[in-house]
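Taking it in order: structure first as C-alpha coordinates, then the write-up.
Atoms within a ligand are numbered from 1 in the order they appear, just like the ligands themselves.
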Amino acid sequence: MSDLQDKILKILQNGGFHSGESLGCQLNVSRTAIWKQLQALEALGLEIESVKGVGYRLPDSFELLSKATILKHIAESHGHLPCQLEIFQSIDSTNRYARERAETEAISGAVVLAENQTAGRGRLGKTWVSPFAANLYMSIVWNFDQGAESLQGLSLAVGVGVRRTLVKLGLQDVQLKWPNDIYIGGKKLGGILLEMIGDPNGRCTVIIGIGLNVAMPSVAAQEIDQAWTDLQTQSSSPISRNTLTAKLVVTLFLLLKDFQRVGFKAYRDEWEEADFLKNLPGTVRTVKEGISGVVLGVDDSGALRLALPNGEVQRFIGGELSLGPRL
Ligand code: BTN
(Lines give C-alpha, C1' and ligand atoms only; values in the text may rest on other atoms or scores of the structure.)
Protein backbone atom coordinates (compact mmCIF):
# COMPACT_ATOMS: atom_id res chain seq x y z
CA MET A 1 0.00 0.00 0.00
CA SER A 2 1.32 3.44 -0.89
CA ASP A 3 2.18 6.16 1.57
CA LEU A 4 -0.62 8.31 0.18
CA GLN A 5 -3.19 5.51 0.63
CA ASP A 6 -2.02 5.12 4.19
CA LYS A 7 -2.48 8.86 4.85
CA ILE A 8 -5.95 8.89 3.24
CA LEU A 9 -7.05 5.98 5.43
CA LYS A 10 -5.77 7.72 8.56
CA ILE A 11 -7.97 10.73 7.77
CA LEU A 12 -11.00 8.62 6.81
CA GLN A 13 -10.64 6.50 9.95
CA ASN A 14 -12.66 8.96 12.06
CA GLY A 15 -15.81 7.63 10.38
CA GLY A 16 -17.03 10.95 8.94
CA PHE A 17 -17.49 12.05 5.33
CA HIS A 18 -14.51 13.75 3.66
CA SER A 19 -14.70 15.37 0.24
CA GLY A 20 -12.07 14.67 -2.39
CA GLU A 21 -11.21 18.36 -2.28
CA SER A 22 -10.60 18.47 1.47
CA LEU A 23 -8.56 15.25 1.36
CA GLY A 24 -6.50 16.73 -1.51
CA CYS A 25 -5.95 19.96 0.43
CA GLN A 26 -4.88 18.18 3.62
CA LEU A 27 -2.46 15.93 1.75
CA ASN A 28 -1.29 18.50 -0.75
CA VAL A 29 -2.30 16.53 -3.85
CA SER A 30 -5.01 16.94 -6.52
CA ARG A 31 -8.56 15.59 -6.22
CA THR A 32 -7.77 13.27 -9.12
CA ALA A 33 -4.81 11.84 -7.23
CA ILE A 34 -7.11 11.19 -4.24
CA TRP A 35 -9.73 9.58 -6.48
CA LYS A 36 -7.13 7.27 -8.05
CA GLN A 37 -5.90 6.12 -4.64
CA LEU A 38 -9.47 5.50 -3.45
CA GLN A 39 -10.06 3.39 -6.57
CA ALA A 40 -6.90 1.42 -5.79
CA LEU A 41 -8.09 0.82 -2.22
CA GLU A 42 -11.45 -0.35 -3.56
CA ALA A 43 -9.62 -2.76 -5.84
CA LEU A 44 -8.07 -4.32 -2.69
CA GLY A 45 -11.61 -4.99 -1.49
CA LEU A 46 -12.19 -1.98 0.78
CA GLU A 47 -15.79 -0.79 0.82
CA ILE A 48 -15.82 3.01 0.55
CA GLU A 49 -19.15 4.81 0.67
CA SER A 50 -19.28 7.67 -1.80
CA VAL A 51 -22.05 10.31 -1.75
CA LYS A 52 -22.12 12.85 -4.56
CA GLY A 53 -21.50 16.36 -3.32
CA VAL A 54 -20.65 15.12 0.20
CA GLY A 55 -17.60 12.89 -0.07
CA TYR A 56 -16.24 9.57 0.98
CA ARG A 57 -16.67 7.55 4.14
CA LEU A 58 -15.46 4.21 5.50
CA PRO A 59 -17.78 1.58 7.01
CA ASP A 60 -18.70 2.19 10.69
CA SER A 61 -16.76 -0.87 11.81
CA PHE A 62 -13.53 0.20 10.09
CA GLU A 63 -10.39 -0.32 12.14
CA LEU A 64 -6.88 -1.05 10.93
CA LEU A 65 -4.84 -3.78 12.58
CA SER A 66 -2.35 -2.33 15.03
CA LYS A 67 0.63 -4.21 16.38
CA ALA A 68 0.80 -2.02 19.49
CA THR A 69 -2.90 -2.53 20.28
CA ILE A 70 -2.76 -6.30 19.76
CA LEU A 71 0.35 -6.66 21.94
CA LYS A 72 -1.23 -4.48 24.63
CA HIS A 73 -4.37 -6.67 24.70
CA ILE A 74 -2.22 -9.81 24.84
CA ALA A 75 -0.17 -8.43 27.74
CA GLU A 76 -3.35 -7.38 29.60
CA SER A 77 -4.90 -10.81 29.37
CA HIS A 78 -1.82 -12.99 29.66
CA GLY A 79 1.25 -11.10 30.77
CA HIS A 80 4.30 -12.07 28.76
CA LEU A 81 3.70 -14.24 25.71
CA PRO A 82 6.70 -14.78 23.42
CA CYS A 83 5.02 -13.79 20.19
CA GLN A 84 6.64 -12.13 17.17
CA LEU A 85 3.93 -10.30 15.31
CA GLU A 86 4.16 -9.09 11.72
CA ILE A 87 1.39 -7.20 9.93
CA PHE A 88 1.24 -6.72 6.16
CA GLN A 89 -1.05 -4.23 4.45
CA SER A 90 -1.21 -6.54 1.45
CA ILE A 91 0.45 -9.86 0.71
CA ASP A 92 -0.31 -12.83 -1.53
CA SER A 93 -0.85 -15.26 1.37
CA THR A 94 0.19 -15.14 5.03
CA ASN A 95 0.59 -18.94 4.93
CA ARG A 96 2.91 -18.77 1.92
CA TYR A 97 5.03 -16.07 3.60
CA ALA A 98 5.13 -17.80 7.00
CA ARG A 99 6.04 -21.10 5.39
CA GLU A 100 8.89 -19.65 3.35
CA ARG A 101 10.34 -17.89 6.39
CA ALA A 102 10.00 -21.01 8.52
CA GLU A 103 11.95 -22.96 5.89
CA THR A 104 15.08 -20.93 6.62
CA GLU A 105 14.61 -19.45 10.10
CA ALA A 106 13.63 -20.77 13.52
CA ILE A 107 10.49 -18.72 14.09
CA SER A 108 8.21 -20.90 16.21
CA GLY A 109 5.64 -18.58 17.78
CA ALA A 110 5.64 -16.11 14.87
CA VAL A 111 2.24 -14.65 13.97
CA VAL A 112 1.70 -13.19 10.51
CA LEU A 113 -1.33 -11.02 9.80
CA ALA A 114 -2.47 -9.17 6.70
CA GLU A 115 -5.11 -6.57 5.93
CA ASN A 116 -5.48 -8.05 2.46
CA GLN A 117 -4.40 -11.23 0.68
CA THR A 118 -4.18 -11.21 -3.10
CA ALA A 119 -3.90 -15.01 -3.33
CA GLY A 120 -5.34 -16.25 -0.02
CA ARG A 121 -5.21 -20.05 0.08
CA GLY A 122 -8.17 -22.16 1.08
CA ARG A 123 -8.36 -25.93 1.45
CA LEU A 124 -8.35 -28.15 -1.61
CA GLY A 125 -6.68 -25.50 -3.77
CA LYS A 126 -9.54 -23.02 -3.37
CA THR A 127 -9.02 -19.26 -3.10
CA TRP A 128 -9.76 -17.57 0.23
CA VAL A 129 -11.57 -14.30 -0.44
CA SER A 130 -9.53 -11.70 1.50
CA PRO A 131 -10.72 -8.09 1.04
CA PHE A 132 -8.81 -5.25 2.69
CA ALA A 133 -9.29 -4.46 6.41
CA ALA A 134 -12.52 -6.44 6.59
CA ASN A 135 -11.71 -9.84 8.06
CA LEU A 136 -9.01 -11.74 9.87
CA TYR A 137 -6.21 -13.47 7.97
CA MET A 138 -3.62 -14.97 10.27
CA SER A 139 -0.86 -17.59 10.17
CA ILE A 140 0.87 -18.98 13.25
CA VAL A 141 4.16 -20.88 13.02
CA TRP A 142 4.67 -23.63 15.60
CA ASN A 143 7.38 -26.29 16.01
CA PHE A 144 6.65 -29.83 17.11
CA ASP A 145 9.26 -32.47 17.77
CA GLN A 146 7.47 -35.80 17.70
CA GLY A 147 6.67 -36.13 14.00
CA ALA A 148 3.53 -35.92 11.94
CA GLU A 149 1.75 -38.74 13.74
CA SER A 150 1.62 -36.76 16.98
CA LEU A 151 -0.18 -34.00 15.05
CA GLN A 152 -3.26 -36.04 14.19
CA GLY A 153 -6.32 -33.99 14.99
CA LEU A 154 -4.31 -30.77 15.41
CA SER A 155 -6.43 -28.87 12.89
CA LEU A 156 -9.60 -29.96 14.71
CA ALA A 157 -8.12 -28.87 18.04
CA VAL A 158 -7.33 -25.47 16.50
CA GLY A 159 -11.02 -25.30 15.51
CA VAL A 160 -11.89 -25.87 19.18
CA GLY A 161 -9.55 -23.01 20.12
CA VAL A 162 -11.14 -20.66 17.59
CA ARG A 163 -14.60 -21.61 18.86
CA ARG A 164 -13.57 -21.02 22.50
CA THR A 165 -12.38 -17.54 21.55
CA LEU A 166 -15.59 -16.70 19.70
CA VAL A 167 -17.74 -17.97 22.57
CA LYS A 168 -15.74 -15.75 24.99
CA LEU A 169 -16.53 -12.83 22.70
CA GLY A 170 -20.23 -13.56 23.13
CA LEU A 171 -20.94 -15.42 19.89
CA GLN A 172 -23.61 -18.10 20.14
CA ASP A 173 -24.11 -21.42 18.39
CA VAL A 174 -20.61 -21.57 16.94
CA GLN A 175 -20.30 -24.95 15.26
CA LEU A 176 -17.48 -26.97 13.76
CA LYS A 177 -17.66 -28.91 10.52
CA TRP A 178 -15.18 -31.70 9.98
CA PRO A 179 -12.34 -31.35 9.45
CA ASN A 180 -11.83 -27.70 10.25
CA ASP A 181 -14.52 -25.25 9.24
CA ILE A 182 -16.21 -22.81 11.59
CA TYR A 183 -19.95 -22.41 11.07
CA ILE A 184 -22.80 -20.40 12.54
CA GLY A 185 -26.41 -21.05 11.56
CA GLY A 186 -25.41 -23.45 8.80
CA LYS A 187 -23.19 -20.83 7.11
CA LYS A 188 -19.41 -20.80 6.93
CA LEU A 189 -17.76 -18.19 9.15
CA GLY A 190 -14.17 -19.27 8.80
CA GLY A 191 -11.69 -21.96 7.94
CA ILE A 192 -8.35 -23.37 9.00
CA LEU A 193 -5.54 -24.46 6.71
CA LEU A 194 -2.58 -26.37 8.12
CA GLU A 195 0.67 -26.79 6.19
CA MET A 196 3.59 -28.85 7.46
CA ILE A 197 7.29 -28.63 6.69
CA GLY A 198 10.29 -30.53 8.04
CA ASP A 199 10.75 -34.15 9.00
CA PRO A 200 7.48 -36.14 9.11
CA ASN A 201 9.17 -38.52 11.58
CA GLY A 202 10.82 -35.95 13.81
CA ARG A 203 11.07 -32.18 14.18
CA CYS A 204 8.55 -30.42 12.03
CA THR A 205 6.99 -27.01 11.72
CA VAL A 206 3.31 -26.38 11.20
CA ILE A 207 1.88 -23.26 9.61
CA ILE A 208 -1.59 -22.74 11.03
CA GLY A 209 -3.61 -20.49 8.74
CA ILE A 210 -6.87 -19.07 10.03
CA GLY A 211 -9.36 -17.03 8.04
CA LEU A 212 -12.39 -15.57 9.83
CA ASN A 213 -15.03 -13.39 8.21
CA VAL A 214 -15.52 -10.32 10.38
CA ALA A 215 -17.28 -7.75 8.19
CA MET A 216 -17.32 -9.11 4.66
CA PRO A 217 -18.07 -6.36 2.10
CA SER A 218 -20.90 -7.26 -0.28
CA VAL A 219 -18.79 -6.80 -3.43
CA ALA A 220 -16.09 -9.22 -2.27
CA ALA A 221 -18.76 -11.66 -1.07
CA GLN A 222 -19.88 -12.17 -4.66
CA GLU A 223 -16.74 -14.26 -5.16
CA ILE A 224 -17.66 -16.75 -2.40
CA ASP A 225 -19.16 -19.94 -3.80
CA GLN A 226 -20.94 -21.23 -0.67
CA ALA A 227 -23.27 -20.04 2.08
CA TRP A 228 -21.23 -17.69 4.31
CA THR A 229 -21.65 -15.42 7.27
CA ASP A 230 -19.52 -12.95 9.23
CA LEU A 231 -19.07 -11.96 12.88
CA GLN A 232 -20.64 -8.57 12.37
CA THR A 233 -23.89 -10.24 11.29
CA GLN A 234 -23.81 -12.78 14.09
CA SER A 235 -22.71 -10.64 17.03
CA SER A 236 -24.90 -8.30 19.04
CA SER A 237 -21.91 -6.07 19.83
CA PRO A 238 -19.21 -4.68 17.49
CA ILE A 239 -16.19 -6.92 16.98
CA SER A 240 -12.74 -5.31 17.00
CA ARG A 241 -10.28 -7.21 14.83
CA ASN A 242 -7.44 -6.17 17.16
CA THR A 243 -9.22 -7.61 20.22
CA LEU A 244 -10.21 -10.72 18.30
CA THR A 245 -6.63 -11.28 17.13
CA ALA A 246 -5.20 -10.88 20.65
CA LYS A 247 -7.75 -13.28 22.15
CA LEU A 248 -7.14 -15.84 19.40
CA VAL A 249 -3.36 -15.65 19.84
CA VAL A 250 -3.59 -16.17 23.61
CA THR A 251 -6.06 -19.08 23.35
CA LEU A 252 -4.20 -20.79 20.51
CA PHE A 253 -0.72 -20.41 22.02
CA LEU A 254 -1.94 -22.12 25.22
CA LEU A 255 -3.64 -24.84 23.19
CA LEU A 256 -0.60 -25.41 20.96
CA LYS A 257 1.69 -25.64 23.99
CA ASP A 258 -0.52 -28.41 25.43
CA PHE A 259 -1.39 -30.26 22.26
CA GLN A 260 1.67 -32.44 21.90
CA ARG A 261 1.28 -33.66 25.48
CA VAL A 262 -2.48 -34.26 25.53
CA GLY A 263 -3.33 -34.94 21.85
CA PHE A 264 -6.71 -34.46 20.19
CA LYS A 265 -8.35 -36.83 22.68
CA ALA A 266 -8.42 -33.99 25.22
CA TYR A 267 -10.48 -31.82 22.86
CA ARG A 268 -12.71 -34.53 21.40
CA ASP A 269 -15.75 -34.01 23.65
CA GLU A 270 -15.71 -30.28 23.09
CA TRP A 271 -15.35 -30.80 19.35
CA GLU A 272 -18.27 -33.23 19.26
CA GLU A 273 -20.46 -30.88 21.29
CA ALA A 274 -20.05 -28.36 18.48
CA ASP A 275 -20.24 -30.84 15.58
CA PHE A 276 -22.44 -29.23 12.93
CA LEU A 277 -23.27 -32.46 11.10
CA LYS A 278 -23.45 -34.98 13.96
CA ASN A 279 -26.25 -37.54 13.39
CA LEU A 280 -27.07 -35.96 10.04
CA PRO A 281 -26.71 -37.50 6.59
CA GLY A 282 -23.34 -36.63 5.08
CA THR A 283 -21.19 -37.34 2.05
CA VAL A 284 -17.41 -37.49 2.14
CA ARG A 285 -15.72 -36.73 -1.16
CA THR A 286 -12.20 -38.06 -1.47
CA VAL A 287 -10.00 -37.82 -4.57
CA LYS A 288 -11.40 -41.16 -5.75
CA GLU A 289 -15.07 -41.22 -4.76
CA GLY A 290 -18.02 -39.87 -2.79
CA ILE A 291 -19.31 -41.99 0.11
CA SER A 292 -22.61 -41.24 1.85
CA GLY A 293 -23.91 -42.26 5.25
CA VAL A 294 -24.77 -40.77 8.62
CA VAL A 295 -22.16 -38.68 10.44
CA LEU A 296 -21.38 -40.28 13.84
CA GLY A 297 -18.69 -37.84 14.95
CA VAL A 298 -14.92 -38.23 15.28
CA ASP A 299 -12.59 -40.66 17.03
CA ASP A 300 -9.70 -39.88 19.40
CA SER A 301 -7.40 -39.12 16.48
CA GLY A 302 -9.84 -36.70 14.84
CA ALA A 303 -10.82 -39.10 12.02
CA LEU A 304 -14.44 -38.78 10.86
CA ARG A 305 -16.76 -41.73 11.57
CA LEU A 306 -19.47 -42.33 9.01
CA ALA A 307 -22.18 -45.03 9.39
CA LEU A 308 -22.72 -46.62 5.98
CA PRO A 309 -26.10 -47.96 4.79
CA ASN A 310 -24.74 -51.55 5.14
CA GLY A 311 -24.22 -51.01 8.88
CA GLU A 312 -20.44 -50.64 8.74
CA VAL A 313 -18.64 -47.64 10.20
CA GLN A 314 -15.98 -46.12 7.94
CA ARG A 315 -13.18 -43.83 9.19
CA PHE A 316 -11.86 -40.95 7.11
CA ILE A 317 -8.67 -39.01 7.77
CA GLY A 318 -9.10 -36.71 4.76
CA GLY A 319 -11.75 -35.54 2.32
CA GLU A 320 -14.49 -32.96 2.04
CA LEU A 321 -17.68 -33.50 4.02
CA SER A 322 -21.03 -32.07 2.95
CA LEU A 323 -24.60 -32.38 4.18
CA GLY A 324 -26.89 -35.02 2.62
CA PRO A 325 -28.28 -36.89 0.87
CA ARG A 326 -30.76 -38.56 3.20
CA LEU A 327 -30.52 -42.27 2.27
C1 BTN B 1 -10.55 -23.12 4.22
O2 BTN B 1 -10.55 -23.35 3.00
O3 BTN B 1 -11.57 -23.27 4.89
C4 BTN B 1 -9.29 -22.66 4.91
C5 BTN B 1 -9.08 -21.19 4.75
C6 BTN B 1 -7.83 -20.66 5.40
C7 BTN B 1 -7.60 -19.20 5.05
C8 BTN B 1 -6.46 -18.61 5.82
S9 BTN B 1 -6.43 -16.85 5.72
C10 BTN B 1 -4.86 -16.81 6.48
C11 BTN B 1 -4.07 -17.98 5.92
N12 BTN B 1 -3.38 -17.59 4.70
C13 BTN B 1 -3.85 -18.22 3.63
O14 BTN B 1 -3.46 -18.05 2.47
N15 BTN B 1 -4.84 -19.05 4.00
C16 BTN B 1 -5.06 -19.05 5.43
inquiry  = Enumerate the ring pair (Phe, Tyr, Trp, His ring centres under 6.0 Å) contacts for residues 148-202, please, sequence neighbours excluded, ordered by first and then second residue.
reply    = Y183-F276
ask   = Just wondering, do F259 and W142 contact through their side chains at under 4.5 Å, heavy atoms?
value = no
query = Which of parallel (below 30°), tilted (30 to 60°) and perpendicular (above 60°) describes F264 and W271?
reply = perpendicular
query = Can you pull the residues with any heavy atom under 4.0 Å from ligand 1?
reply = S93, T94, N95, Q117, G120, R121, G122, R123, W128, Y137, M138, S139, D181, K188, G191, I192, L193, G209, I210, G211
ask   = In a check of side chain to side chain contact (heavy atoms under 4.5 Å, CB included) between Y267 and each of D258, L156, L154, which one passes?
value = D258
ask   = Are F253 and L248 connected in a single hydrophobic cluster, I mean Ile/Leu/Val/Met/Phe/Trp/Tyr linked by side-chain heavy atoms less than 4.5 Å apart?
value = yes
ask   = Does any non-hydrogen side-chain atom of L9 lie less than 4.5 Å from one of L46?
value = yes
